[in-house]
Amino acid sequence: MEASGSGGTTTGTSPAETAPEAEARWTATIGRKIRVVVAKPGLDGHDRGAKIIARALRDAGMEVIYTGLHQTPEQIAETAIQEDADAIGISILSGAHMTLVPKIVELLQAQGVDDVLLTVGGTIPTRDIDQLKSMGVDEVFTPGTGTDEIVEFIRNGVEGRSRSI
Amino acid sequence: MEPASTSAGSEAAGSAESGTADRVDEESARNDAAAAEPPTAEKNFTTMSGKPIKARYGPDDLKGNPAEEIGEPGQYPFTRGPYESMYRGRNWTMRQFAGFGTVEETNERFHYLLEHGQTGLSTAFDMPTLMGYDSDHARSLGEVGREGVAVDTLDDMEILFGGIPLDRVSTSMTINAPAAMLLAFYVLVGERQGVPPEKLAGTIQTDILKEYIAQKEWCFPVEPAMRLVTDMVEYCTDNMPRWHPISISGYHIREAGATASQELAFTLKNGFTYVERAIDRGIDVDAFAPRLSFFFNAHIDFFEEIAKYRAARRIWARELKETYGAKKPESMRLRFHTHTAGVSLTAQQPLNNIVRTAIEALAGVLGGTQSLHTNSFDEALALPTEEAVRVALRTQQIIKEETGVTNTIDPLGGSYFVESLTDELEADAYDYFRRIDELGGMVEAVRQNFPQREIGDAAFTFQRELDEKERLIVGVNSHRHEEEEVPLLHIDPALEDKQIERLRKTREERSQADVDRALAELKKVAGAGGNLMYPIIGAARHRTTEGEMVSALQDVFGTYTETPVF
């Protein structure tokens, strides 16, 4: 994850599958599209990134539920559970990530949700990234990350989990 | 940009051939391959906003009667600048946006900046303050003092401006939905310092339309929010002749992903909407229009930005005169603050941001800005350290004191390219005005998510171009290398407790009966009509908190929930 800034191109892994191909394969595996909740906790209104990611995931064949702005951790956990999300993408640029993200993790765990892929995106200082990951966040994407990288991480992560079940 | 990358490319290719391939990373090798190919007809020579650019411009590219369209500095239509003497007469105000932690830390930063030659103040409030929540509200947890300074009551405001003579230093405050409450605090701090409202100089942002469009910090539904804006315009027209009650802001619209044309169009259209509301209120356009000011982004596409500022001045002048019947030149004269583009800063190789900021700041200066904020190089990572802020301020001082660009007024005026680009941006803006009018005006367009959708589309297009390397950002999708760490500012989480404790003390010391009476009066005026500034000042005087006032108004007005589009 130290490489989050220098990630970007993903040559080297499997040749790019087109979105319809990936969608078809996934749908055949579990019977529906990958479902992602894109969530904006905190009071900041910086939704440029969240909306771009939501759109990129949708274009990649996923079903995207965008919570809208200013959500409490309770609202986000509730949405993820109700929507039976495969992944949650939290976007936060308010500086409150060390308060709000652990709260979301805690609420999900309390409800017995342990199979959701959890990613965080935003202006997250390096020293907070390790801590977030040790709490159960699967990946932290910092500014400059390409959308392809995020799409691929979510697809691989969700598929990996479904295989291990 | 192209010639530069070509020459850098051939150099790198040369060293690769001489056996030092390990020093050439994969990225630049790829760039070299691209540079070696001759430019094809489809190669994009476009501005950052996607506007096609020709290889050369000449006299045929100037529209109409150039002398009339361009005019003279300080004269209608003000294309060349709002003042006759521009920076020869008075330099732009160096105004660094600052605010973090509690009022004590920010007050200290204010003094630091003034000691280093800054000439005006600009206050960044934290997210709870921007949303109208007190620091002890459940929603404020973890957010107090994180992205700006926490201000709950008049007591906080007094410490924030402690030791700063408000009759001599002009202050800008970035606050919108609860702007009226913060203006009330400021007026009362002035009063405690013995400075009457008519002597206070500065700006409060108050631009609520761009909040619904882009910045997304709101307290009330659109209509009552517009009423509050008009109340402030009316109050300031009557009481604060040196104050700018609205800073009509394109900055956040651009940061949310808008193109230069969209920034220009939506900002000006918001401005016209405020003008219409004030005229409808019965205020003479020439009484308030001279006190409206603007706030634009300075992004990295140098000439497009300069053209944007010039187009903005010309459009504003024409519309104020011809559509809104202004008679005074001061009403037609658009003055603006510039803030270099936060979104152009990269978390990768942060020192490169100093260069970006310098170029953007220069665009603001060549575009004729009245005040300028330069970003600090570490701001893609955190709030800036003192050292980073000093470099940012020095950047402005270097432009002013060393480069000589202020020697002559509007040095780019008459450039075939710049004038042509100015005309094009102007035409784009009028196209948007028409589309917005067809939807029923800006308030209705906002309700229908029109500007929000346009901006979202532009942001997505830009990201796709980055992903596909049609556009390059050094350190992000080009010229990458291992990262160096820079020291970052860390906000002590204990500051939140300190602020909550101060708030608790204020609540304990004040007369709750006075507060209750003041809040009842505020609600009464909210329901019955009348200018809300007066009961807000009344309540603030009794140390009513910002959150209590906002909450009282929400009881009458309701709240706002966005229907997001992506």
Side-chain angles (χ1 to χ4, degrees), chain A residues 2-9 11 38 40-59 64-74 92-103 122-128 142-151, chain B residues 26-27 126-128 130-131 133 138-147 211 214-218 252 255-257 343 345-349 379-383 452 455-456 459-460 462-464 466-467 469 473 475-477 480-483 485 488 490-491 493 496 561-566:
Chain A
E2 287 80 2
S4 52
S6 54
T9 50
T11 49
V38 173
K40 275 293 297 168
L43 298 179
D44 71 295
H46 303 107
D47 59 359
R48 177 178 181 161
K51 287 161 97 172
I52 286 174
I53 299 304
R55 200 155 153 178
L57 296 173
R58 188 181 62 192
D59 288 356
V64 178
I65 299 103
Y66 171 48
T67 61
L69 289 162
H70 311 144
Q71 299 286 300
T72 61
E74 288 78 8
I92 182 159
L93 292 100
S94 79
H97 50 271
M98 295 310 288
T99 306
L100 298 175
V101 174
K103 185 90 188 144
T123 314
I124 316 289
T126 317
R127 72 171 197 180
D128 294 344
T142 51
T145 310
T147 55
D148 295 349
E149 188 185 339
I150 295 169
V151 167
Chain B
E26 194 198 341
E27 285 310 313
D126 69 356
M127 288 295 160
L130 295 181
M131 288 291 287
Y133 293 118
R139 293 300 317 260
S140 305
L141 189 68
E143 311 248 17
V144 176
R146 288 279 165 169
E147 285 201 338
E211 293 296 322
Q215 174 85 344
K216 318 281 175 96
E217 306 292 337
W218 44 61
H252 321 80
E255 290 287 298
V343 78
L345 304 180
T346 64
Q348 296 77 14
Q349 303 173 40
E379 288 191 78
L381 300 160
L383 261 55
Q452 295 93 315
I455 294 167
F460 190 72
F462 187 73
Q463 181 62 42
R464 212 184 42 219
L466 288 182
D467 287 346
K469 299 200 175 186
I473 297 179
V476 174
N477 64 356
R480 292 201 296 247
H481 72 73
E482 280 305 305
E483 293 302 314
E485 292 265 319
L488 297 181
H490 292 288
I491 311 290
E496 183 163 309
T561 312
E562 182 187 50
T563 310
V565 284
F566 68 88

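The sequence lines fix the lettering, A, B, ..., with proteins before strands; numbering per chain opens at 1.
Heavy atoms closer than 4.5 Å to chain B are found in the side chain of Leu100(A), but not in its backbone. Heavy atoms of Glu485(B) lying under 4.5 Å from chain A belong exclusively to its side chain. Proximity to chain A (any heavy atom under 4.5 Å) is shown, for Pro128(B), by both the backbone and the side chain. In this structure, the portion of Asp59(A) lying under 4.5 Å from any heavy atom of chain B is its side chain and not its backbone. With a threshold of 4.5 angstrom between heavy atoms, His97(A) does not approach chain B through any atom at all. At a 4.5 Å heavy-atom cutoff, Ala50(A) makes no contact with chain B through either its backbone or its side chain. Proximity to chain B involves both the backbone and the side chain of Val64(A), based on heavy atoms less than 4.5 angstrom apart.
Exactly one of Gln215(B), Met127(B), Met131(B) qualifies for a side chain to side chain contact (heavy atoms under 4.5 Å, CB included) with Asp44(A). That residue is Met127(B).
Between Gln463(B) and Arg48(A) there is no side-chain heavy-atom pair separated by less than 4.5 Å.
Taking all atoms of both residues into account, the shortest heavy-atom contact from Pro564(B) to Tyr66(A) is CB-CE2, 3.5 Å. Across Phe460(B) and Ala56(A), no two heavy atoms sit closer than the pair CE1-N, 3.7 Å. Considering all non-hydrogen atoms of both residues, Pro125(A) and Leu381(B) come closest at CG-O, 4.3 Å. Minimum heavy-atom separation, Pro143(A) to Gln348(B): O-NE2, 2.8 Å. Across every non-hydrogen atom of Val476(B) and Gly144(A), the tightest pair is CG1-O, 3.6 Å.
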Would you give me the side-chain donor-acceptor pairs under 3.5 Å for residues 140-147 of chain B, sequence neighbours excluded?
unit_1, atom_1, unit_2, atom_2, d
Ser140(B), OG, Asp134(B), O, 2.7
Glu143(B), OE1, Ser94(A), OG, 2.9
Glu143(B), OE2, Leu43(A), N, 2.9

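Contacts of Glu562(B) classified as salt bridge (charged side-chain N to carboxylate O under 4.0 Å, His left out), with partners at least two apart in sequence or in another chain: Lys216(B).
Expressed to the nearest 0.5 Å, how far NE2 of His252(B) lies from NE2 of His46(A) amounts to 8.5 Å. Atom CG of residue Asp47(A) and atom CZ of residue Phe566(B) lie 12.0 Å apart, to the nearest 0.5 angstrom.
Note on Ala347(B), Ala256(B), Ala214(B): by heavy-atom pairs under 4.5 Å with chain A, the leading option is Ala256(B).
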### Task
Assess whether side chain to side chain contact (heavy atoms under 4.5 Å, CB included) is satisfied between His490(B) and Arg127(A), documenting all intermediate values.
CA-CA 11 Å; His490(B) 292 288; Arg127(A) 72 171 197 180; 3.2 Å; yes
